[in-house]
Each structure stands twice: as C-alpha cells, then as structure tokens.
Chemist: 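Shown below is the structure under consideration.
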Amino acid sequence: MANNDIFNIKRRGLMLILSSPSGAGKSTIAKKILADDDHIIMSVSATTRKKRPGETEGVDYHFISSEEFMIMRNKGDILEHAKVFDNYYGTPKAAVMSILNNSSDILFDIDWKGTQQLSDNCENDLVRVFILPPSTIELEKTP
C-alpha cells in the first residue's frame with residue numbers, strides 16, 4: 001500500500017447517541033459537534049403528528065401519516081420507534097443507512113428506549129455517550 005492510499009480508505013459512518021439527564025448539557029454539546037464537523041449529520045425522525053408553525057419538513061421531522069408509519073414499521077424500515085401522546089416517532093432506516101454508507105456519522109437525540117432499540121438493531125454501528133451533569137446541585141436547578 002502506497003503512503004497516499006491510506007487517505008483513500010473509505011470508512012463506514014457511525015451512529016452517535018448522546019444521552020443525559022435533562023439539563024446536563026446534551027443539546028449544547030450536540031450543537032457544538034454539528035457546527036464543528038461537516039461529516040456529522042443530525043438524525044431526522046419521522047412522526048405522525050401534525051407539523052407545528054415554524055417546523056420544516058425534512059429538517060425538524062419527516063411528517064407522515066399513521067398508515068405510512070405502520071407500513072414502514074411492519075416492513076422493518078424503522079430502526080427505533082415510540083408512541084408519545086397518540087403520535088408515533090421513529091428513525092427511518094433508509095436515511096440512516098445512506099448517511100453511514102457515505103462515510104458520514106449521524107447524531108441522535110432520542111430517549112433511552114430508542115437508544116436500546118438502536119443498540120439491539122445496529123450494535124456494530126453504534127457509539128453511546130452518557131453525559132453526566134456537573135453536579136447534583138446543578139441538575140436540581142434545571143426546571
């Protein structure tokens with residue numbers, strides 16, 4: 001292998017999950033990661049809930065019908081999912097695999113149940129990071 005060939009090795013991306021208690025700084029860290037690295041892309045979940053004012057299709061969520069969601073879930077096209085207040089939320093498999101196959105990493109903002117589902121379905125592509133709050137006192141200050 002020539003010296004320059006090492007830079008031409010194509011790697012598969014990774015799924016990065018940041019987990020933390022509310023108020024530990026997960027969102028701040030995620031924003032910094034996304035701002036600093038163009039090869040890390042934020043995961044965009046699909047949802048059956050109605051779009052709210054100011055939300056953008058494909059940026060905030062992929063807004064789909066309940067029927068579409070169930071078809072995707074039943075076909076195995078959703079990597080993780082949850083029902084919250086009569087609406088479904090989940091991660092479309094095709095979008096994630098496309099990002100990973102293009103050598104980019106994907107960052108997830110999901111709850112612990114979604115993290116467990118991803119771990120069960122994609123353990124070889126997954127990196128989980130748990131963020132501890134600075135202290136119990138700081139954590140208790142969070143509303």
Side-chain angles (χ1 to χ4, degrees), residues 3-66 68-143:
N3 285 343
N4 290 339
D5 289 345
I6 196 164
F7 297 110
N8 294 322
I9 295 172
K10 184 171 177 168
R11 73 167 185 90
R12 181 171 169 83
L14 293 171
M15 296 182 211
L16 307 170
I17 300 177
L18 298 179
S19 301
S20 72
S22 180
K26 176 181 65 174
S27 296
T28 302
I29 292 169
K31 287 177 188 172
K32 178 74 171 145
I33 289 170
L34 292 168
D36 288 352
D37 192 331
D38 292 338
H39 295 289
I40 300 178
I41 299 165
M42 190 69 190
S43 172
V44 179
S45 295
T47 184
T48 60
R49 76 162 171 75
K50 300 293 182 208
K51 186 165 70 166
R52 295 176 183 151
E55 289 182 326
T56 303
E57 166 65 33
V59 174
D60 298 295
Y61 289 98
H62 298 288
F63 297 95
I64 62 176
S65 69
S66 294
E68 250 182 304
F69 192 96
M70 290 303 148
I71 290 168
M72 289 176 70
R73 188 187 75 179
N74 292 341
K75 287 174 52 181
D77 292 338
I78 299 283
L79 291 174
E80 60 80 29
H81 67 280
K83 187 174 184 180
V84 181
F85 302 118
D86 296 324
N87 293 298
Y88 288 96
Y89 294 82
T91 302
K93 182 177 183 177
V96 171
M97 294 304 140
S98 175
I99 290 167
L100 297 178
N101 290 331
N102 283 317
S103 303
S104 289
D105 300 320
I106 186 162
L107 184 63
F108 289 84
D109 183 5
I110 56 177
D111 67 10
W112 68 271
K113 288 181 184 177
T115 299
Q116 188 59 51
Q117 289 177 48
L118 275 181
S119 184
D120 292 344
N121 293 325
C122 309
E123 68 179 329
N124 293 330
D125 293 320
L126 192 65
V127 176
R128 295 186 284 183
V129 178
F130 187 77
I131 300 162
L132 293 173
S135 68
T136 307
I137 294 167
E138 287 299 316
L139 187 59
E140 289 172 351
K141 287 182 185 178
T142 304

Chemist: Could you list the donor-acceptor pairs under 3.5 angstrom formed between side-chain atoms of residues 84-94 and any protein atom two or more places apart in sequence or on another chain?
Modeler:
residue	atom	partner	partner atom	Å
Asn87	ND2	Phe85	O	3.3
Tyr89	OH	Arg49	NE	3.2
Thr91	OG1	Glu80	OE2	2.5

Chemist: With a sphere of 6.0 Å drawn around CG of Asp38, does it hold more than 12 non-hydrogen atoms of other residues, nucleotides or ligands?
Modeler: no
Chemist: Check whether any side-chain heavy atom of Ile106 lies under 4.5 Å from a side-chain heavy atom of Leu100, and answer yes or no.
Modeler: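 Side chain of Ile106 against side chain of Leu100, heavy atoms only: contact under 4.5 Å found.
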Chemist: Has Ser103 got a side-chain atom pairing as donor or acceptor with Arg11's backbone, closer than 3.5 angstrom?
Modeler: yes
Chemist: Evaluate the side-chain proximity of Met15 to Val127: yes if any heavy-atom separation is below 4.5 Å, no if none is.
Modeler: no
Chemist: So, do Leu18 and Leu107 sit near enough that their side-chain heavy atoms are less than 4.5 Å apart?
Modeler: yes
Chemist: Between the main-chain N or O of Asn101 and the side-chain N or O of Lys10, is there a donor-acceptor pair closer than 3.5 Å?
Modeler: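 The answer is yes, because a donor-acceptor pair under 3.5 Å joins these two groups.
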Chemist: Could you tell me whether the side chains of Gln116 and Asp120 share a donor-acceptor contact shorter than 3.5 Å?
Modeler: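 Yes, a side-chain donor-acceptor pair sits under 3.5 Å.
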Chemist: Between Asp36 and Lys32, does any side-chain N to carboxylate O distance fall below 4.0 Å?
Modeler: yes
Chemist: Between the side chain of Asn121 and the main-chain N/O of Gln117, is any donor-acceptor distance below 3.5 Å?
Modeler: yes
Chemist: At their closest point, which heavy atom of Glu57 faces which heavy atom of Lys51, and how far apart are they?
Modeler: N-CD, 4.4 Å
Chemist: Quick one: does Asp37's side chain have a donor or acceptor within less than 3.5 Å of a partner on His39's backbone?
Modeler: yes
Chemist: Measuring only between side-chain heavy atoms, which start at C-beta, is His62 closer than 4.5 Å to Thr47?
Modeler: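 Sidechains of Thr47 and His62: no contact.
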